[in-house]
Amino acid sequence: MARSSYISKQYRPKFVALRLTQGHPMQISHARQPVAAAAVSLIAWGACVAAFLPPFNAQANSVPLTVLLGLAIAVTLVLHLVFVGIAAHRLGHSPGKWVALALVTFPIGSIVGLILLEWFGEERNQAKPKEVV
């Protein structure tokens with residue numbers, strides 16, 4: 001019994017068993033793209049909302065432009081929430097929790113959430129996977 005266990009350990013590939021608490025580097029690099037897309041959609045949402053503020057609302061007097069900006073606000077909000085969910089899923093967090101948190105505390109909580117997602121990703125990226133023997 002001891003000999004077979006020794007042989008299986010001897011010929012086992014080095015990185016077969018990785019700790020699951022630490023993110024895989026490929027998983028973390030895939031999460032950067034949705035975080036960046038969520039940030040861009042949040043900036044686009046802010047630009048559309050800014051068009052209705054007093055210094056800029058002089059240009060937004062036409063009805064078609066107002067409707068277009070309103071639709072852009074709705075679309076960018078939905079896209080932002082989708083990208084937050086994708087990023088949370090790729091980092092191994094609960095997408096529903098992060099999307100609900102981003103929606104309830106929008107826009108300040110969404111900004112903080114993006115910073116936290118990026119911070120968790122950097123933290124996991126710095127932690128090297130360790131071999132379990």
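The structure places OG1 of Thr76 at 11.5 Å from CZ of Phe83, a figure rounded to the nearest 0.5 Å. Note that the CG atom of Leu69 and the CD1 atom of Ile73 stand 6.5 Å from one another [nearest 0.5 Å]. Atoms CG and OG, from Leu114 and Ser41 in turn, are 8.0 Å apart once rounded to the nearest 0.5 Å. One finds the CZ atom of Phe106 at 8.0 Å from the CD1 atom of Ile111 (value rounded to the nearest 0.5 Å). Atom CG of residue Leu101 and atom NE2 of residue His93 lie 12.0 Å apart, to the nearest 0.5 angstrom. Taking NE2 from His89 and CD1 from Ile86, the interatomic distance works out to 9.0 Å, rounded to the nearest 0.5 Å.
The same ILVMFWY cluster, assembled from side-chain heavy atoms under 4.5 Å apart, contains both Val75 and Val78. Under the 4.5 Å side-chain heavy-atom criterion for grouping Ile, Leu, Val, Met, Phe, Trp and Tyr, Val40 is not connected to Val35 through any hydrophobic cluster. In terms of hydrophobic clustering, with Ile, Leu, Val, Met, Phe, Trp and Tyr side chains grouped at heavy-atom distances under 4.5 Å, Ile115 and Val104 are assigned to different clusters. Both Leu77 and Val112 are members of a single hydrophobic cluster when ILVMFWY side chains are connected at heavy-atom separations under 4.5 Å. Cluster membership for Ile108 and Leu42, using ILVMFWY side-chain heavy atoms within less than 4.5 angstrom, is not shared.
Pairing each heavy atom of Ser110 with each of Ala102, the nearest pair is OG-CB, 4.0 Å. Between Ala72 and Cys48, the shortest heavy-atom contact is CB-SG, 3.5 Å. For the pair Trp98 and Gly113, the tightest heavy-atom approach, listed with the atom from each and the gap, is CZ3-O, 3.6 Å.
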